[in-house]
Amino acid sequence: QVQLVESGGGLVQAGDSLKLSCAVSGRTFSGYAMGWFRQAPGKEREFVAAISRYGGTTFYADSVKGRFTISRDNTKNTVYLQMNILKPEDTAVFYCAAGASISVLASRYNYWGQGTQVTVSS
């Protein structure tokens, strides 16, 4: 069993930064690719960013490219999402997920956290 716990969400103003963390326990962290997804009210869950097991490969959604950075620390069993220049349209519940290989598809991830709310005011 793998447990994922997100933290770092909050209420910020447009242009601000936030750093999300996702702590993983239960299995060997480096055995999993990690992804961040988000879901805004009334919308489907969408891909944000993903990172391979040792961090050598990253993927980003076009909407966050250049503003968000995904990283991981395998010694701390944690994946991060640094979010800069936040916009009101970034408002959503952000979820981290673990899977066998890096992917932009939510269906490829087996384990999910409970989510953390990010609200960006204009």
Side-chain angles (χ1 to χ4, degrees):
Q1 188 74 12
V2 178
Q3 292 85 38
L4 292 78
V5 179
E6 302 96 336
S7 62
L11 172 63
V12 297
Q13 293 186 330
D16 286 351
S17 298
L18 271 179
K19 187 173 185 177
L20 305 183
S21 300
C22 174
V24 180
S25 61
R27 292 283 178 89
T28 303
F29 180 61
S30 59
Y32 293 98
M34 300 298 297
W36 285 97
F37 291 78
R38 66 186 179 185
Q39 187 165 17
K43 295 187 177 181
E44 294 187 353
R45 191 170 298 190
E46 66 173 2
F47 169 75
V48 176
I51 189 166
S52 58
R53 293 187 299 151
Y54 292 96
T57 300
T58 56
F59 295 159
Y60 294 95
D62 287 343
S63 59
V64 306
K65 203 170 292 184
R67 298 189 298 124
F68 291 10
T69 302
I70 189 171
S71 62
R72 65 189 296 160
D73 186 339
N74 286 357
T75 66
K76 297 182 178 179
N77 291 0
T78 302
V79 62
Y80 305 97
L81 185 68
Q82 176 67 48
M83 305 186 294
N84 298 329
I85 318 175
L86 282 161
K87 304 175 181 180
E89 51 263 44
D90 293 317
T91 295
V93 177
F94 281 71
Y95 300 89
C96 68
S101 59
I102 189 173
S103 176
V104 303
L105 300 176
S107 59
R108 297 294 181 92
Y109 292 86
N110 305 105
Y111 304 99
W112 292 80
Q114 293 299 307
T116 185
Q117 176 71 47
V118 172
T119 302
V120 185
S121 64
S122 57

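No side-chain N or O of Thr91 forms a donor-acceptor pair with one of Glu89 less than 3.5 Å apart. If you check the side chains of Thr78 and Asp73, you find no donor sitting under 3.5 Å from an acceptor.
Pro88 and Ala14 get closest at one heavy-atom pair: CD-CB, 4.1 Å.
The side-chain hydrogen bond (donor to acceptor under 3.5 Å, both in side chains) contacts involving residues 2-11 comprise Gln3-Ser25, where partners must be two or more places apart or lie in separate chains. Sorted by first and then second residue, the disulfide (SG to SG under 2.5 Å) pairs with a member in residues 51-122 read Cys22-Cys96; sequence neighbours excluded.
Here the CZ atom belonging to Arg53 is positioned 10.5 Å from the OG1 atom belonging to Thr28, to the nearest 0.5 angstrom. Between the OG atom in Ser71 and the CD atom in Gln82 there is a gap of 8.0 Å [rounded to 0.5 Å]. Considering CZ of Arg38 and CD of Glu44, their distance stands at 14.0 Å, rounded to 0.5 Å. Interatomic distance, OG of Ser30 versus CG of Asn74, reported as 5.5 Å (0.5 Å rounding).
Chaining together hydrophobic side chains whose heavy atoms lie under 4.5 Å apart places Val120 alongside Val2, Leu4, Val12, Leu18, Leu20, Val24, Phe29, Tyr32, Met34, Trp36, Val48, Ile51, Tyr60, Val64, Phe68, Ile70, Val79, Leu81, Met83, Leu86, Phe94, Tyr111, Val118. The hydrophobic cluster of Val5 has no other members, since no ILVMFWY side-chain heavy atom comes under 4.5 Å of it. Here Phe37 sits in one hydrophobic cluster together with Phe47, Phe59, Val93, Tyr95, Ile102, Val104, Leu105, Tyr109, Trp112; the rule is ILVMFWY side chains under 4.5 Å apart, joined directly or through other members.
Judged by distance alone, with hydrogens and angles left aside, the side-chain atoms of Thr119 form no donor-acceptor pair with the main-chain N or O of Leu11 at under 3.5 Å. Checking side-chain atoms of Arg67 against main-chain N and O of Ile85 turns up a donor-acceptor pair under 3.5 Å.
Under the side chain to side chain donor-acceptor pair (under 3.5 Å) criterion, Lys19 pairs with no residue, sequence neighbours left out.
Heavy atoms from other residues, nucleotides or ligands lying under 6.0 Å from CD of Gln114 number 12 at most. The number of heavy atoms from other shown groups lying within 6.0 Å of CZ (Arg45) is above 12.
Between Lys87 and Asp90 no salt bridge is recorded (no basic side-chain N to carboxylate O distance below 4.0 Å).
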